[in-house]
Amino acid sequence: MRPRVPLTIGVAAFLALGAAIAVPNIASASATLGQHAAARGKYFGSATDNPELTDAPYVSILSSEFNQITPGNTMKWQYTEPQQGQFSYGQADTVVSLARSNNQSVRGHTLVWHSQYPSWVDSVPANQLLGVMRNHVTNVAGHFQGQLIHWDVVNEAFEENGTRRQSVFQRNIGDSYIAEAFRAARAADPTAKLYYNDYNIEGLGAKSDAVYAMVQQFKAQGVPIDGVGMQAHLILGQVPSSIQQNIQRFANLGVDVAITELDIRMNLPRDAAKDAQQANDYRAVVNACLAVTRCVGITVWDYTDKYSWIPSVFPGQGAALPYDENLNKKPAYTAIHDALAGTTTPTTPPPTSPTTTPTSGPGACAATYQIVSQWTGGFQGSVTVRNTGTSAMNAWAVRWSFGAGQVITNLWNGSVTQTSANVAVRNAPYNGALAPGASTSFGFVASWTGSNPAPASLTCGIT
Ligand code: XIL
């Protein structure tokens with residue numbers, strides 16, 4: 001807690017000046033990410049790893065700022081069953097008991113994965129591997145029974161194109177290994193919610209389609225799945241514009257969604273512009289989760305650049321987390337904090353994710369969407385229309401669909417109709433004529449709540 005006395009004096013001074021509006025901001029600024037998330041019905045957590053727990057300043061922030069913990073390594077097969085039939089839980093238990101002493105929930109990570117398993121698993125005869133996998137799941141999930149909110153039962157089972165990854169489990173057991181792992185996990189720990197977890201499934205695409213189809217099938221067949229974990233190891237400036245829509249479609253299948261391993265890496269070195277972009281990117285992810293009731297929480301893959309896994313795996317990249325290597329808060333921290341708190345000031349540089357649909361041929365045009373500025377509940381946007389065809393146009397129409405309930409309240413240099421999410425804007429009497437290569441723009445003000453993603457695509461034409 002912050003010292004009460006100076007705070008009280010400060011508030012009294014503000015009130016004396018008639019600036020009562022400052023009070024809630026002071027109060028919310030002192031709350032942690034975990035507290036703000038809890039107030040929104042969600043958690044905000046961090047991964048951690050046993051070697052880091054000797055770093056007292058690190059542990060102090062880990063223990064106070066977050067209300068959920070994921071062991072980054074020590075529940076993996078390599079640690080929990082290093083020799084066949086010999087289970088070892090000491091390190092994982094250390095993390096779980098630290099979390100419990102801090103009133104933090106724990107996600108279990110992970111029971112079945114193609115990586116970080118001991119080499120003896122590769123030597124198990126094919127017809128025995130299902131039994132070995134079930135035994136592993138039964139023991140590990142059984143050991144932590146009642147102590148975890150979630151298990152990442154199976155991790156990273158799909159390739160980018162949506163086919164199954166040819167892991168030792170896939171090759172020797174076949175497609176059924178995932179469902180079998182979920183069934184064994186449910187039997188061993190009926191209280192943990194059971195998750196499928198993967199990366200590059202945050203936006204719409206072949207891989208998330210494959211996971212979607214699997215979840216749909218599991219639901220139809222009664223396979224016990226409760227959630228989908230989107231790892232969200234993201235790249236600066238590349239938060240998928242469809243992230244909220246994608247979270248929502250999984251939620252609509254009747255499963256929860258968690259952002260399980262969030263980090264947003266950049267090419268090193270850091271600079272102010274990259275930090276500002278990263279803040280916007282973190283805000284976009286937090287807002288997407290906040291906008292979907294069944295998005296239950298967000299975990300960063302450790303909270304400080306001091307202990308991030310990124311530099312060792314992506315050479316030349318890093319600075320992916322909301323605290324720097326000296327445990328100082330970065331702009332990303334403020335963005336996460338303010339998004340969770342529902343305060344909006346200051347909204348640092350506006351999110352600019354231009355969406356363009358270029359076309360060619362006679363009468364063809366391209367539309368580019370940009371957010372100019374954004375504030376609590378509202379934003380100003382701009383769309384540029386360019387004649388990409390070979391002949392002059394004398395009229396144009398741009399259409400898009402808002403993904404998050406945005407409503408245009410005022411538009412200039414065009415005439416607008418909006419029917420629920422669908423927006424159509426036609427030229428004003430004075431800007432319909434465009435020579436080949438020429439462009440014009442219109443502007444608008446709109447409202448938003450929860451999140452404000454740019455439309456996935458715009459269409460442009462003469463009618
Ligand atoms: C990473 C850990 O953070 C590293 O310490 C370890 O060396 C490799 O694994 N997806 C996952 C996580 O599901 O388990 C990975 O964690 C990061 C990628």
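None of these values were measured; they are calculated from a predicted model. Start at 1 and go down the list; that is how both ligands and their atoms are numbered.
Phe314 carries Arg265 over the face of its six-membered ring, with the cationic atom under 6.0 Å from the centre and within 45° of the normal. For the pair Lys330 and Tyr282, the cation-pi test (distance below 6.0 Å, angle within 45°) is failed.
The shortest separation from a heavy atom of Tyr199 to ligand 1 is not under 4.0 Å, leaving the residue out of contact.
Neither side chain, Thr74 nor Tyr89, offers a donor N or O lying under 3.5 Å from an acceptor on the other. Judged purely by distance below 3.5 Å, without hydrogens or angles, the side chains of Asn155 and Thr110 never pair a donor atom with an acceptor atom. Side-chain contact, Gln418 with Asn422: no donor N or O sits under 3.5 Å from an acceptor N or O.
Backbone and side-chain nitrogen or oxygen atoms of Trp309 are examined, and none is located within less than 3.5 angstrom of a nitrogen or oxygen of ligand 1.
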Handout entry: side-chain hydrogen bond (donor to acceptor under 3.5 Å, both in side chains) evaluation trace for Glu156 with Trp113
Key = CA-CA 7 Å; Glu156 302 181 352; Trp113 188 25; 2.7 Å; yes
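Protein heavy atom in closest approach to atom 3 (O) of ligand 1: Trp301 NE1, 2.9 Å. Among all protein heavy atoms, the one lying closest to atom 2 (C) of ligand 1 is Asn73 OD1, 3.7 Å. The protein heavy-atom contact nearest to atom 11 (C) of ligand 1 is Glu261 OE1, 2.9 Å. Nearest to atom 8 (C) of ligand 1 among the protein's heavy atoms is Gln116 OE1, 3.4 Å. When hydrogens are left out, the protein atom nearest atom 1 (C) of ligand 1 is Lys76 NZ, 3.7 Å; that is the closest non-hydrogen contact.
If you number the atoms of ligand 1 from 1 as listed, the ones under 4.0 Å from a heavy atom of Asn155 come out as 11 (C), 13 (O).
Selection from His233, His109, Gln78, Met75 by nearest heavy atom to atom 14 (O) of ligand 1 gives His109.
Using a 4.0 Å cut-off between charged nitrogen and carboxylate oxygen, Arg249 and Asp209 count as a salt-bridge pair.
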